[in-house]
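Here is the naming used below: chain letters follow the sequence lines, and residue numbers restart at 1 for every chain. Atom set for the values below is all heavy atoms of this structure, side chains included, hydrogens, waters and symmetry mates excluded.
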Amino acid sequence: MAALQPVRGTHDLLPDEARRHRHVEERAFAITSLYGFGEIVTPIFEFTDVFARTLGDTSDIVTKEMYTFTDKGGDSLTLRPEGTAGVCRAFISGGLAQHLPLKLFYRGPMFRHERPQKGRLRQFHQVGVELLGVEKPDADVEVIAMARHLLDDLGIGSHTTLEMNTLGDVESREAYRKELVAYLSDHLGGLSEDSRNRLAKNPLRILDSKDDGDRKIVANAPLLSQHLNEASRDFFAKVQEGLNALDVPFSVNERLVRGLDYYGHTAFEFTTTALGSQGTVLAGGRYDTLISTMGGPQTPGIGWAAGVERLSMLSAELGQQMEPPPRPVALLPMGEAAQRHALKLSGQLRRLGIAVEMGYSGNLGKRMKRADKARASTAVILGDDELAKGVATVRDLDSGSQEEVALEALVSRLRGK
RNA sequence: GCGGGCGUAGCUCAGUUGGUUAGAGCGCCAGGUUGUGGUCUUGGAUGUCGUCGGUUCGAAUCCGAUCGCUCGCCCCA
């Protein structure tokens, strides 16, 4: 037990859990397909710069959570902590600008070196989307509605709520930032240590602080919404109108600030109370400056990412039933001639799309037991007696009734089941 | 990175104020039924009591360290 342990914060997915996990990914893929998204697969590691430059020098991800290592060639590489930076890098290196607008879906493992908790692992999985090349608020509406659609599809829609905010465009944000810093500087003494550190680097984050002292100060702080220029205000209004038109409920949370530097305009977050303190289930926002910052052509983007483990836990806890895998037919050959015959039969049946479970060894009783455990619907007993008569015994495992069926008729008989 | 709780069989857990051979249920294996499962019944196996060290005549039990899990903080999916 102590000898061989998985690396801290990593987790094996055994078949039952893996199935649920896969279900989430497949539904996400299916739903996003309905909106015209196609899958992109990017490497799980990139040059460290890809993340360090884009996520922001002050983000927690960059300062303390990255899995960074030096490879044999001396390059600094990092296991991807999130998906957007890699997708944008692929967009630039692949010269995809000529295919805009681009709707991309991705899924796969992400890595963050932090203290594991319920719904938080060091290797975890996300599904996410990026819509590139559309600067109009229609894109925001579509992408957010799609997120709602997915959560509903997974049966957790009623347990999640959508909060949104706008961070405005660069001009609005800079103007606000100045005023916020001025206000907070006047109240420096009351701020927590964390927040004092954030003041110079990323003051907007202080709005989101959970520290009581900070909250009191923040309560009277100037609001971003009052510093939005007309374009930013108009943009946010259009997003809200669109969501209303689609009957996607939301509330505006002025203190919602995303953790990564590249966001502007729309920021949103679907949260739940059913997962302890890890309440965020799906989150995203607009990033119109990211690609150009990375050295690509000025290209607007909006996207979101969702934690597969969190979605999977939620759908499990809320009792959404998984479709069980198909029930197999169990073949129970007794004797060598029967074994050969059953082997052939298993091949035929499987090629017809019928699941087959073949007992590897043991007497009939043991094989029956295994057939039962495999949830087989039917057991086909093939012994020397039967073979000599040119028949097989077909037993219905639910009713317990059985009959002899001619070998020639066996395949069509089992197919009919 | 910081704080609290917890590590006993494959799983869920019990184990009295330290006292001899460490228990239950479930699961697993075998018999009852040498070719008939799911029910029933009888029996059986399985533990470096997370690890290392300390206190003690004696430690699963007390102390320390360490590893892991877990909950919360920070932050996030």
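Base-pair partner of B:A14: not found among the strands shown (Watson-Crick or G-U wobble, both distances under 3.5 Å). In this structure, B:U61 forms no base pair with any nucleotide, since neither Watson-Crick nor G-U wobble geometry is met with both distances under 3.5 Å. Nucleotide B:C29: paired with B:G43 (Watson-Crick or G-U wobble, both distances less than 3.5 Å). The partner of B:U20, taking Watson-Crick or G-U wobble pairs whose two distances both stay under 3.5 Å, does not exist in any strand shown. B:G35 is unpaired under the Watson-Crick or G-U wobble criterion, no partner having all donor-acceptor distances under 3.5 Å. Pairing partner, B:C2: B:G72, with both Watson-Crick or wobble hydrogen-bond distances short of 3.5 Å.
Separating the P atom of B:C71 from that of B:G27 is a span of 28 Å, rounded to the nearest Å. Going from the P atom of B:U12 to that of B:C67 covers 24 Å, rounded to whole Å. Between the C1' atoms of B:U56 and B:A14, the separation comes to 26 Å (whole Å). Across the P atoms, B:C49 and B:G23 are found 14 Å apart, a figure rounded to whole Å. Nucleotides B:G7 and B:U48 have their C1' atoms positioned 15 Å apart, rounded to a whole Å. Straight-line distance between the C1' atoms of B:G31 and B:U21: roughly 27 Å, to the nearest whole Å. Between B:A45 and B:G10, the distance separating the two P atoms is 15 Å to the nearest Å. Spacing of C1' atoms, B:C26 relative to B:G3, comes out at 36 Å, to the nearest Å.
Using modelled atom types and a 3.5 Å distance limit, the side chains of A:S232 and A:S172 yield a donor-acceptor pair.
Heavy atoms of A:E386 sit under 4.0 angstrom from at least one base atom. Residue contacts for A:L382: at a heavy-atom cut-off of 4.0 Å it reaches no nucleic acid atom on any strand shown. Nucleic acid contact class of A:I381 (heavy atoms, under 4.0 Å, all strands): base. Nucleic acid contact for A:A305: sugar-phosphate only, since backbone atoms but no base atoms lie under 4.0 Å from a heavy atom of the residue. Nucleic acid contact for A:G284: none, since no nucleic acid atom lies under 4.0 Å from a heavy atom of the residue. A:G128 comes within 4.0 angstrom of nothing in the nucleic acid, heavy atoms only.
When each of B:U36, B:G68, B:A77 is scored by its nearest atom to the side-chain atoms of A:M368, the top-ranked nucleotide is B:U36. Which of B:G1, B:C76, B:C74 sits closest to the side chain of A:R115 comes down to B:G1. Considering only the side chain of A:L364, B:G35 comes nearest among B:C69, B:A77, B:G35. Across B:A77, B:U36, B:G68, the shortest atom-to-atom separation from the side chain of A:T280 is found for B:A77. Comparing B:U36, B:G35, B:A77 against the side chain of A:R395 picks out B:U36 as the nearest. Each of B:C74, B:G37, B:A77 was ranked by its minimum atom distance to the side chain of A:R310; first place goes to B:A77. The side chain of A:Q117 approaches B:G72 more closely than any other nucleotide in the set B:A77, B:G72, B:G35. Of the candidates B:C71, B:U36, B:C76, B:C71 carries the atom nearest the A:K118 side chain, counting heavy atoms from C-beta on.
Looking only at distances, a side-chain donor or acceptor of A:N165 sits under 3.5 Å from a matching main-chain atom of A:L256. A:K238 places no side-chain N or O within 3.5 Å of a backbone atom of A:D138 that could act as its donor or acceptor partner.
Put simply, CG on A:L14 is 11 Å from P on B:C11, counting in whole angstrom units. We find that CG of A:L151 is positioned 12 Å from C1' of B:A77, with the value rounded to whole Å. Spacing between atom CG of A:D12 and atom P of B:G68 amounts to 16 Å, rounded to whole angstrom units. The NZ-C1' distance, from A:K369 to B:C40, rounds to 12 Å in whole Å. Spacing between atom CD of A:E336 and atom C1' of B:G35 amounts to 17 Å, rounded to whole angstrom units. Atom pair A:L282:CG and B:C76:P shows a separation of 15 Å (rounding to whole Å applied). The distance between atom NE2 of A:H113 and atom P of B:C2, rounded to the nearest whole Å, is 12 Å. Distance A:E309 CD to B:C76 P: 19 Å, rounded to the nearest Å.
The aromatic rings of A:Y176 and A:H227 sit tilted, their planes meeting at an angle between 30° and 60°. Relative ring orientation between A:H187 and A:Y183 is described as tilted, the plane-to-plane angle lying within the 30° to 60° band.
A close approach under 4.0 Å does not occur between any side-chain nitrogen or oxygen of A:R367 and OP1 or OP2 of B:U36. The side chain of A:Q402 contributes no N or O atom lying less than 4.0 Å from OP1 or OP2 of B:U36. Close to B:C29, at under 4.0 Å from its OP1 or OP2, lies no side-chain N or O of A:K366. Between A:N363 and B:G35 there is a side-chain N or O to OP1 or OP2 distance below 4.0 Å.
Nearest heavy atom pair, residue A:M294 against residue A:A85, reads CE-O, 3.6 Å.
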Could you tabulate the donor-acceptor pairs under 3.5 Å formed by side-chain atoms of residues 36-45 of chain A, not counting sequence neighbours?
unit_1: A:E39; atom_1: OE1; unit_2: A:R107; atom_2: NH2; d: 3.1
unit_1: A:E39; atom_1: OE2; unit_2: A:R107; atom_2: NE; d: 2.9
unit_1: A:T42; atom_1: OG1; unit_2: A:R80; atom_2: NH1; d: 3.4

Which donor-acceptor pairs under 3.5 Å do the side chains of residues 337-359 of chain A make with protein atoms, sequence neighbours left out?
unit_1: A:S346; atom_1: OG; unit_2: A:L343; atom_2: O; d: 2.5
unit_1: A:R350; atom_1: NH2; unit_2: A:V356; atom_2: O; d: 2.9

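Between A:V281 and A:T393, the one whose closest nucleotide on RNA chain B sits nearer the 5' end is A:T393. With the nearest nucleotide of RNA chain B identified for both A:D398 and A:V308, A:D398 has the one nearer the 5' end.
Not a single donor-acceptor contact under 3.5 angstrom links the side-chain atoms of A:D372 to the base of B:G38. Counting atom types as modelled, A:R120 pairs no side-chain N or O with a base atom of B:A77 as donor and acceptor under 3.5 Å. Donor-acceptor pairing under 3.5 Å, judged by distance alone, is present between the side chain of A:E114 and the base of B:A77.
Between A:F124 and A:H11, the distance separating the two ring centers is not shorter than 6.0 angstrom.
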